[in-house]
Amino acid sequence: MSLDAKVPLGPLAEKWDKRKFELKLVSPANKRKVDVIVVGTGLAGASAAASLAELGYNVHAFCFQDSPRRAHSIAAQGGINAAKNYQNDGDSITRLFYDTIKGGDFRAREANVYRLAQVSGNIIDQCVAQGVPFAREYGGLLANRSFGGAQVSRTFYARGQTGQQLLLGATQALERQIGLGRVAMHPRTEMLDLVVVDGHAKGIIVRDLVSGKIGAYAADAVVLATGGYANVFYLSTNAIGSNVTAIWRAHKKGAFFANPCYTQIHPTCIPVTGDHQSKLTLMSESLRNDGRIWAPKKQGDRRAPGDIPENERDYYLERKYPSFGNLAPRDISSRAAKEVCDEGRGVGQSGRGVYLDFAEAIRRLGKAVIKERYGNLFDMYQKITAENPYETPMRIYPAAHYAMGGIWVDYHLMSSLPGLFVLGEANFSDHGANRLGASALMQGLADGYFILPYTIGDYFASHKKPRPAADQAEFKQGEAEAGERVKKLLSIRGRRSPVSFHRELGRLLWEYCGMARNDRGLRKALAAIPSLREEFWKNVNVLGDGDGLNSGLERAGRVADFLEFGELLCLDALTREESCGGHFRQEHQTPEGEARRDDAKFCHVSAWEFKGVGQAPVLHKEPLAFENVSLTERSYK
Amino acid sequence: MNLKLRIWRQKNSGAKGYFQKVDAKGISPDMSFLEMLDVVNEELLAKGEEPVIFDHDCREGICGACSLVINGVAHGPERGTTTCQLHMRHFKDGQIIVIEPWRASAFPVLKDLAVDRGAFDRIIQAGGFVSVGAGGAPDGNAIPVSKNSAELAMDAAACIGCGACVAACKNASAMLFVAAKVSHLAALPQGQVERAARVERMVAQMDQEGFGNCTNQFECQAVCPKEIGVWFIAKMNKEYLKAKICQ
């Protein structure tokens with residue numbers, strides 16, 4: 001099977017316009033006869049479901065949460081980028097395109113990224129019209145702030161709750177369509193499998209989490225907008241329920257999985273306090289504007305930070321990267337913190353933490369200024385840790401945050417499996433090997449509001465097969481298999497909880513496939529994961545029955561899929577023998593310890609084809625051609 | 001620390017519920033309340049007892065999923081804090097902690113501590129939106145919005161839809177939730193066209209779902225994790241009256 005990205009020919013700036021004209025349309029009378037399944041109701045899923053219903057399609061939307069409004073897009077804090085150039089500071093579509101492609105370390109598809117920048121302005125307009133209460137200037141115009149890496153001010157925000165407000169805008173559009181009867185909403189319903197009929201995605205198998213009933217839904221196409229897989233690391237900034245199941249099941253049914261090794265580790269999170277830890281909380285990166293990061297020079301120094309004199313402190317980012325200092329990019333800052341802790345110089349109970357110190361900033365600017373700038377973040381930190389960051393330095397440590405990898409999609413956002421469209425964080429996306437701050441919200445809404453509604457029609461107009469009935473053989477078989485799996489999980493009655501397996505898998509991956517990876521470690525993980533998986537299927541303990549709410553059963557199903565996916569993640573990391581963005585191979589670094597990209601050998605998307613659990617997947621390569629930008633090296637010294 | 005828990009157990013919405021006594025041992029003060037329940041659940045599982053069902057997801061105070069009445073107070077003793085952001089250092093060694101679900105007839109218990117808050121979604125479906133489809137929006141700066149209006153709208157829009165306001169109210173009133181959405185959209189120029197119809201429809205749906213009326217006890221404001229003020233209820237009443245008179 002060959003990978004055809006379906007990128008339009010012609011100049012970059014004209015590609016999307018050209019393609020929009022080429023795409024076939026479905027007449028309003030015929031849209032009424034077309035059913036679409038949308039799984040996931042975050043920014044990408046909710047905006048897609050609402051937009052498709054507005055066009056006249058019949059939509060079935062699914063989420064595992066009790067309400068579509070609770071999808072994890074809601075937790076995004078910082079903002080959303082758009083090339084509006086409202087600040088007159090030299091921004092443009094081309095500049096947003098370039099910043100995004102460079103930030104992704106030249107591992108994304110040019111045409112997709114350019115289109116993302118093109119529609120970014122429309123997203124802001126749409127959200128304003130919905131009543132999203134963006135921050136405003138006194139004159140009534142929209143306010144902007146600058147954000148990680150960009151030299152222009154293009155980030156729109158709603159206090160520290162931008163994701164929440166954008167998601168409420170999108171879910172309110174969705175609720176409107178539900179009220180009008182154009183979307184059938186299925187909350188507390190989890191997708192367990194994809195149904196493929198004659199090589200096309202035509203439906204899904206789900207479990208109603210309240211009744212426990214397993215059922216099948218048929219449609220003319222399936223849209224997955226089920227988010228990222230950072231929870232494979234067990235501890236991450238994702239919601240507890242975020243999982244890989246929907247896209248992993250789609251992968252097992254034929255959709256290629258692209259660049260799973262591109263994972264983003266965020267440098268400023270509150271450190272782990274003990275084995276009980278269930279998730280990690282992110283502290284906004286903006287803190288690094290005034291905070292200084294340091295660790296004791298001595299190993300195992302257990303003194304209180306205030307008792308460690310200046311000359312026994314190591315401000316390691318300022319020392320290693322004198323020009324960027326504490327503002328070094330996410331991947332570099334994260335790795336540096338890990339190195340310090342690996343040397344035994346970490347702080348806090350667990351020894352996995354470094355200080356983020358505001359003492360100097362408070363002396364320079366006064367407590368009032370620091371409070372005005374970061375008051376809410378300091379309060380949040382104090383709530384969680386019971387330490388006062390005005391008096392004692394914060395402790396921070398990196399945490400898994402975002403997945404750049406995902407299901408491979410073409411320019412139309414369709415996977416290698418016809419009829420299966422994948423949006424938002426769930427696809428392998430426009431962020432290449434590293435995502436810039438405030439770009440995730442932009443991509444989710446671009447996909448749902450302004451790209452899929454155009455491209456999905458072309459699929460319907462080009463493939464006029466009758467929709468299968470939800471009781472035909474493929475669906476019956478899917479239901480039976482899902483039911484068997486549930487029965488199997490409930491019948492093992494072993495000695496270990498699903499959470500304990502998840503925690504062990506997470507530790508393995510964090511150790512060997514986290515911030516820094518090497519051949520030996522990855523091979524170790526690849527040897528350990530299959531035996532952990534084997535033990536899981538012999539020794540997991542899930543109580544209760546399948547016919548009601550059962551959180552242990554839900555968790556077990558998700559962990560089972562993480563145990564398969566983790567292997568692919570490591571294999572991809574092993575195969576990509578270069579360092580780029582969030583993927584750092586220790587063998588591939590400059591003498592100064594910087595990432596060394598290998599454009600001659602690895603300027604491609606790695607798209608994996610599933611061949612069976614425990615079997616070697618087949619690697620397909622989509623070469624990345626850069627016609628409009630030249631590949632450069634990043635340096636922060 | 002060691003705690004004596006009294007946890008509400010209920011097999012399903014039709015079954016009769018009861019309090020189960022569970023001892024939580026070796027709890028760290030750094031744990032969140034939900035992490036304490038995770039530990040309890042792991043121990044129950046190891047003993048062959050079914051874990052306690054409770055709603056939760058983001059665990060950073062924004063998704064609105066978590067929903068526990070702790071010693072009689074929705075989201076527990078800390079003001080402006082969701083259950084997931086409540087830490088065990090606010091409890092004492094040996095303390096008895098009673099854990100219940102939201103109690104309201106419009107929020108039927110599904111199992112143990114999880115309730116069905118679908119009524120909130122149906123209220124939004126009745127009118128909690130601006131009717132604009134994707135595609136036709138004017139430029140974001142075409143209509144200036146005063147900073148005060150934007151801030152006011154944001155104060156109301158901060159609602160996370162958790163339902164603590166209903167759980168805390170002796171009338172199980174949803175007025176604070178509905179008022180927050182009505183006020184958010186009424187504060188912005190984009191919400192003006194549907195302003196009257198919105199409040200009428202949302203209030204009608206609220207009544208139909210079986211929520212009670214407001215009798216000005218302000219318990220809702222006291223437990224709201226986002227500290228949304230009751231004066232939004234007054235604003236909604238004004239909006240409602242105006243809509244009815246203008247009709």
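Letters A, B, ... mirror the listed sequences (proteins, then strands); counts begin at 1. Atoms considered below: every heavy atom in the structure, side chains included; atoms not considered: hydrogens, waters and symmetry mates.
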Toward chain B, the part of A:Thr171 with a non-hydrogen atom under 4.5 Å:
neither
Closest approach of B:Cys58 and A:Ala239, non-hydrogen atoms and distance?
CA-CB, 3.7 Å
Examine whether an atom of B:Arg89 lies under 4.5 Å from a heavy atom of chain A, and if so say whether it belongs to the side chain, the backbone or both; otherwise answer neither.
side chain
With chain A, which of B:Glu50, B:Glu49, B:Gln125 has the greatest number of heavy-atom pairs at distances under 4.5 Å?
B:Gln125
Region of A:His276 that comes under 4.5 Å of a non-hydrogen atom in chain B:
both
At a heavy-atom separation under 4.5 Å, does A:Gln165 approach chain B through its side chain, its backbone, both, or neither?
side chain
Top of A:Ala135, A:Ala82, A:Ala129, A:Gly179 for chain B proximity - count of heavy-atom pairs under 4.5 angstrom
A:Ala129
Under a 4.5 Å heavy-atom cut-off, does chain B meet the side chain of A:Phe134, its backbone, both or neither?
backbone
State whether the side chain of A:Arg176 and the backbone N or O of B:Val130 hold a donor-acceptor pair below 3.5 Å, judged by distance alone.
no
In terms of heavy-atom pairs under 4.5 Å, which option from A:Ile178, A:Asn541, A:Val210, A:Ile384 contacts chain B the most?
A:Ile384
How many angstroms lie between CG in A:Leu141 and CD1 in B:Ile143, if you round to the nearest 0.5 Å?
12.0 Å
Please check if atom NZ in B:Lys25 has more than 12 non-hydrogen atoms from other residues, nucleotides or ligands closer than 6.0 Å.
no
Under a 4.5 Å heavy-atom cut-off, does chain B meet the side chain of A:Ser51, its backbone, both or neither?
side chain
Which atom pair, heavy atoms only, marks the closest approach of A:Lys383 to B:His87?
O-ND1, 3.6 Å
Side chain, backbone, both or neither of B:Val193 within contact of chain A (heavy atoms, under 4.5 Å)
neither
Of B:Asp121, B:Asp57, B:Asp55, which is the lone residue that meets salt bridge (Lys or Arg N to Asp or Glu O under 4.0 Å) with A:Arg188?
B:Asp55
Do you know which two heavy atoms are closest between A:Ser278 and B:Arg59, and how far apart they sit?
OG-NH1, 2.8 Å
Most chain B-contacting option - heavy-atom pairs closer than 4.5 Å, from A:Arg495, A:Arg493, A:Gln277:
A:Gln277
Hey, could you give me the CG/CD distance between B:Leu185 and A:Gln130, rounded to the nearest 0.5 Å?
10.5 Å
Is it the side chain or the backbone of B:Glu42 that comes within 4.5 Å of chain A heavy atoms, both, or neither?
side chain
Flag yes if more than 12 heavy atoms outside B:Arg201 fall under 6.0 Å of its CZ atom; otherwise flag no.
no
Greatest number of non-hydrogen atom pairs under 4.5 angstrom with chain B, of A:Gly544, A:Gly552, A:Pro453, falls to A:Gly544
Between CD of A:Glu137 and NZ of B:Lys147, what distance do you get to the nearest 0.5 Å?
6.5 Å
For A:Thr273, is it the side chain, the backbone, both or neither that has a heavy atom under 4.5 Å from a heavy atom of chain B?
side chain
Does any heavy atom of chain B fall under 4.5 Å from the side chain of A:Thr385, the backbone, both, or neither of them?
backbone
Is B:Ala158 close to chain A through its backbone or its side chain, or both, or neither, when contacts mean heavy atoms under 4.5 Å?
both
Can you say whether A:Gln177 sits under 4.5 Å from chain B via the side chain, the backbone, both, or neither, judging by heavy atoms?
neither
Could you give the distance from OG (A:Ser73) to CD1 (B:Ile62), rounded to the nearest 0.5 Å?
12.0 Å
Which pair of heavy atoms, one from B:Asp155 and one from A:Arg159, lies closest together, and at what distance?
OD1-NH2, 2.9 Å
Taking atom CD of A:Gln349 as the centre, report whether more than 12 heavy atoms of other residues, nucleotides or ligands fall under 6.0 Å from it.
no
Of all heavy-atom pairs linking B:Met154 and A:Ala158, the shortest is SD-CB, 4.1 Å
Evaluation steps, side-chain contact (heavy atoms from CB on, under 4.5 Å), between B:Gln190 and A:Val132
CA-CA 9 Å; B:Gln190 288 79 11; A:Val132 170; over 6 Å; no
Which atoms of B:Ser149 approach chain A - backbone, side chain, both or neither, heavy atom under 4.5 Å:
neither
Output for pair (A:Ile240 CD1, B:Cys84 SG), nearest 0.5 Å, gives 9.5 Å
Part of B:Glu78 lying under 4.5 Å from any heavy atom of chain A
neither
Please name the pair of heavy atoms, one in A:Leu549 and one in B:Leu110, separated by the smallest distance, quoted to 0.1 Å.
CD1-CB, 3.9 Å
Quick one: do A:Arg136 and B:Asn148 satisfy side-chain contact (heavy atoms from CB on, under 4.5 Å)? Show the steps, please.
CA-CA 9 Å; A:Arg136 299 269 171 175; B:Asn148 286 346; over 6 Å; no
Residues A:Thr281, B:Glu60; criterion side-chain hydrogen bond (donor to acceptor under 3.5 Å, both in side chains); working and verdict
CA-CA 7 Å; A:Thr281 304; B:Glu60 48 187 282; 5.6 Å; no
What part of B:Leu45 gets closer than 4.5 Å to chain A, counting heavy atoms only: side chain, backbone, both or neither?
both
Check whether A:Arg70 reaches the backbone of B:Ile160 with its side chain - one donor and one acceptor, N or O, closer than 3.5 Å.
yes
Would you say the side chain of A:Glu175 lies within less than 4.5 Å of the side chain of B:Ile123, judging by non-hydrogen atoms?
no
Does the pair A:Asp66 and B:Phe120 meet the rule for a side-chain contact (heavy atoms from CB on, under 4.5 Å), with working shown?
CA-CA 11 Å; A:Asp66 73 326; B:Phe120 269 14; over 6 Å; no
B:His90 portion near chain A, given a 4.5 angstrom heavy-atom threshold:
neither
What distance separates A:Asp275 CG from B:Met31 CE, expressed to the nearest 0.5 Å?
9.0 Å
Would you mind checking which part of A:Gln77 comes under 4.5 Å of any heavy atom in chain B, side chain (CB onward), backbone (N, CA, C, O), both or neither?
side chain
Test side-chain contact (heavy atoms from CB on, under 4.5 Å) on B:Ile124 and A:Gln172; report intermediate values, then the result.
CA-CA 7 Å; B:Ile124 299 294; A:Gln172 282 164 204; 4.0 Å; yes
Measure distances from B:Leu34 to the heavy atoms of chain A and classify the residue's part below 4.5 Å as side chain, backbone, both or neither.
neither
